[in-house]
Student: 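To start, I am sharing the structure in question, which I have written as structure tokens.
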Number of protein chains: 2
Amino acid sequence: MCCGRLSLGLEAMLEGGFELPRRGEARRAGREVLRDSIFVQLRDDILRGRFSRGESLVELKLASQYGVSRTPIREAIRQLEIEGLVRYLPNRGVVVEGITTQDVEDIFVIREHLEGLVARWAAARVTPEELKKLHEVLELQEFYVAKDDVHQITVLDTEFHRLLLEASKSKSLRYALGSMLDYVEQARLRSLSVPGRIHDSVREHKSILEAVEAGDSEEAARLIAKHMKNARNNLLRFVTEQEKKDNSHEDS
Amino acid sequence: MCCGRLSLGLEAMLEGGFELPRRGEARRAGREVLRDSIFVQLRDDILRGRFSRGESLVELKLASQYGVSRTPIREAIRQLEIEGLVRYLPNRGVVVEGITTQDVEDIFVIREHLEGLVARWAAARVTPEELKKLHEVLELQEFYVAKDDVHQITVLDTEFHRLLLEASKSKSLRYALGSMLDYVEQARLRSLSVPGRIHDSVREHKSILEAVEAGDSEEAARLIAKHMKNARNNLLRFVTEQEKKDNSHEDS
DNA sequence: TTGCCCGAGGATGTATACAATAATACACGA
DNA sequence: TCGTGTATTATTGTATACATCCTCGGGCAA
């Protein structure tokens with residue numbers, strides 16, 4: 001009984017289990033399996049709205065479109081299915097579900113509840129190596145703040161939160177939050193487009209990282225919770241302003 | 001509680017008029033695609049520990065074992081991969097990851113942070129139909145409390161929380177929590193094995209359902225948070241007692 | 001013995017063939 | 001005209017063939 005658990009832990013250690021990279025990124029340098037690149041492309045195409053909601057994905061069509069056979073397509077679709085981006089209809093294939101505005105709003109709320117855990121656990125378990133990477137990302141963000149490059153900052157924002165997630169060393173947490181970061185990247189781009197927001201956002205990252213580095217779990221959790229709340233408010237502000245613009249356009 | 005309705009609900013349940021959205025179970029009456037049944041079997045086998053951690057899954061072996069070709073096996077594996085139950089090694093197949101004690105503990109903490117949202121949103125959005133189902137599950141639980149059938153109560157516990165999750169109408173939340181319910185079913189079986197716990201647990205469900213039915217989001221969130229905390233404490237109690245037993249066995 | 005090369009075997013990656021199922025169109029009859 | 005049954009076709013479900021890659025062990029030389 002106890003021996004089983006012991007060897008379990010040992011194996012886990014030897015396995016060095018945490019270097020799972022973002023799905024689909026080269027699983028090994030140089031070579032990548034087709035289903036992964038298809039998966040990433042399909043997912044991006046769905047998230048960017050290149051497939052409209054309700055559109056059905058036909059395997060043969062996709063196969064010829066991507067210049068591969070049905071097999072990798074099918075496997076990519078199976079993965080999209082688990083992620084909930086497509087809906088399966090028996091013997092009729094899959095239709096695009098995508099994510100709705102409601103989904104994005106939910107994700108922001110969910111992250112408000114979970115990022116605290118990320119920060120707390122990361123503060124307790126972060127490695128020097130991970131801290132180094134986090135600092136690098138932060139410095140890059142500051143660089144791009146000076147250049148006012150919102151897009152780059154958004155990408156690095158994802159990276160920052162992903163690194164923190166890895167640092168938390170929790171597979172369950174990574175499972176729960178992992179793809180949410182990708183799902184709302186578009187939304188964060190908008191949230192960060194509110195004038196002055198990039199500056200604040202990066203500053204918040206800086207203070208979060210300081211708390212994590214100091215091992216102050218509670219402070220890190222408090223700061224990241226505030227960070228999430230600010231991000232959400234900014235998104236709301238952006239959305240309402242967008243609506244105002246849309247309305248005035250309609251009038252003219 | 002009226003006995004007539006109880007037996008009615010019971011019959012309905014046993015009849016199987018209860019279409020579970022739980023992955024892989026008959027997507028349509030009568031017919032099921034192979035990859036789904038393979039997926040469910042493999043997942044259960046992993047969660048139940050029939051595959052040991054680190055063991056590699058060989059497609060051809062599994063294919064002959066289940067009497068199907070490689071294709072459905074591969075697709076099932078792709079899904080396990082996304083769920084994080086197996087780890088992919090390029091050109092070498094997948095090895096079983098399973099879930100560790102640490103993962104289970106994390107899941108309980110994560111649920112403490114998220115089930116509040118489930119209850120809150122469910123209270124706001126639940127439909128009469130869903131309420132009916134929830135009541136049925138609750139009545140069945142009370143039935144099995146009388147019979148002291150911990151296993152059935154555990155299964156129904158999963159069902160109760162899953163129904164609540166569906167009632168929350170949030171795809172994102174469902175994605176984050178969906179398979180966690182399955183992952184910790186074994187653990188909840190243990191948590192509920194603590195003497196007297198099944199009684200309290202079902203009573204807590206009852207009060208949660210009352211708050212949800214009354215549309216009292218805050219109360220529902222408060223109650224379910226307490227429910228989760230109790231469940232976690234019971235699991236811890238069970239584990240420590242188990243360890244005590246193991247130790248005394250070792251001595252003999 | 002140690003280290004390296006290399007080839008066989010096995011496993012996965014991809015493509016394609018065949019079977020089963022659902023959607024569609026069309027002809028036929030009321 | 002409308003509805004219905006049927007044939008056709010498109011698409012998915014499953015199986016299998018072929019290509020590619022990795023591992024592992026034998027043989028050989030230093």
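Worth saying up front: this structure is predicted, and the values here are computed from it rather than measured. The sequence lines fix the lettering, A, B, ..., with proteins before strands; numbering per chain opens at 1.
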Student: Taking atom P of D/dT12 as reference, at what distance in whole Å does atom CD of A/Glu81 sit?
Tutor: 12 Å
Student: Among the nucleotides C/dA15, D/dA17, C/dT21, which one has an atom lying closest to any side-chain atom of B/Arg70?
Tutor: D/dA17
Student: Could you please name the option among D/dA15, D/dT12, C/dT14 that lies closest to any side-chain atom of A/Arg74?
Tutor: D/dT12
Student: Rounded to the nearest angstrom, tell me the gap between atom CZ in B/Arg35 and atom C1' in D/dG13.
Tutor: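 Whole-Å distance recorded here is 8 Å.
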Student: Mind calculating the distance between CZ (A/Arg78) and C1' (D/dT14) to the nearest angstrom?
Tutor: 12 Å
Student: In whole angstroms, how far is the P atom of C/dG13 from the CD1 atom of B/Ile77?
Tutor: 9 Å
Student: What nucleotide, of C/dG13, D/dT14, D/dT12, holds the atom closest to the side chain of B/Tyr88?
Tutor: C/dG13
Student: On DNA chain C, compare the nucleotides closest to B/Val94 and A/Val68; which residue's is nearer the 5' end?
Tutor: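 Taking each residue's closest nucleotide, the earlier one in sequence belongs to B/Val94.
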Student: Looking at A/Glu136, A/Glu130, A/Glu129, which one forms a salt bridge (charged side-chain N to carboxylate O under 4.0 Å, His left out) with A/Lys132?
Tutor: A/Glu136
Student: Apply the side chain to side chain contact (heavy atoms under 4.5 Å, CB included) test between A/Ile224 and each candidate in A/His161, A/Arg120, A/His205, A/Arg111; give the one that qualifies.
Tutor: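 Per the side chain to side chain contact (heavy atoms under 4.5 Å, CB included) rule, the option paired with A/Ile224 is A/His161, out of A/His161, A/Arg120, A/His205, A/Arg111.
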Student: Measure the distance from CD on A/Glu75 to P on C/dT16 and round it to the nearest whole Å.
Tutor: 15 Å
Student: For B/Asp103 and B/Thr100, test the side chains for any donor-to-acceptor distance below 3.5 angstrom and give the result as yes or no.
Tutor: yes
Student: Taking all non-hydrogen atoms of both residues, which atom of A/Gly84 and which atom of A/Glu97 are closest, and how far apart?
Tutor: O-CB, 3.8 Å
Student: Measure from OH on A/Tyr66 to C1' on C/dA15 and round the result to the nearest Å.
Tutor: 19 Å
Student: Between P on C/dA11 and CG on B/Asn91, what's the gap in Å once rounded to a whole number?
Tutor: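 Distance, rounded to whole Å: 14 Å.
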Student: Between A/Asp36 (CG) and C/dG13 (C1'), how many Å, whole number?
Tutor: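 From A/Asp36 CG to C/dG13 C1': 12 Å.
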Student: Just call it for B/Ile38: base, sugar-phosphate, or nothing, with non-hydrogen atoms closer than 4.0 Å on any strand.
Tutor: nothing
Student: Please find the pair of heavy atoms, one from B/Leu177 and one from B/Glu115, that lie closest to each other, and give the distance.
Tutor: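 Nearest pair, atom of B/Leu177 first, then B/Glu115: CD1-OE2, 4.2 Å.
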Student: Heavy atoms only, 4.0 Å cut-off, all strands: where does A/Leu57 land among base, sugar-phosphate and nothing?
Tutor: sugar-phosphate
Student: Select from A/Ser69 and A/Arg92 the residue whose nearest nucleotide in DNA chain C is closer to the 5' end of that strand.
Tutor: A/Ser69
Student: What nucleotide, of D/dG13, C/dA15, D/dA15, holds the atom closest to the side chain of A/Glu59?
Tutor: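 That would be D/dG13.
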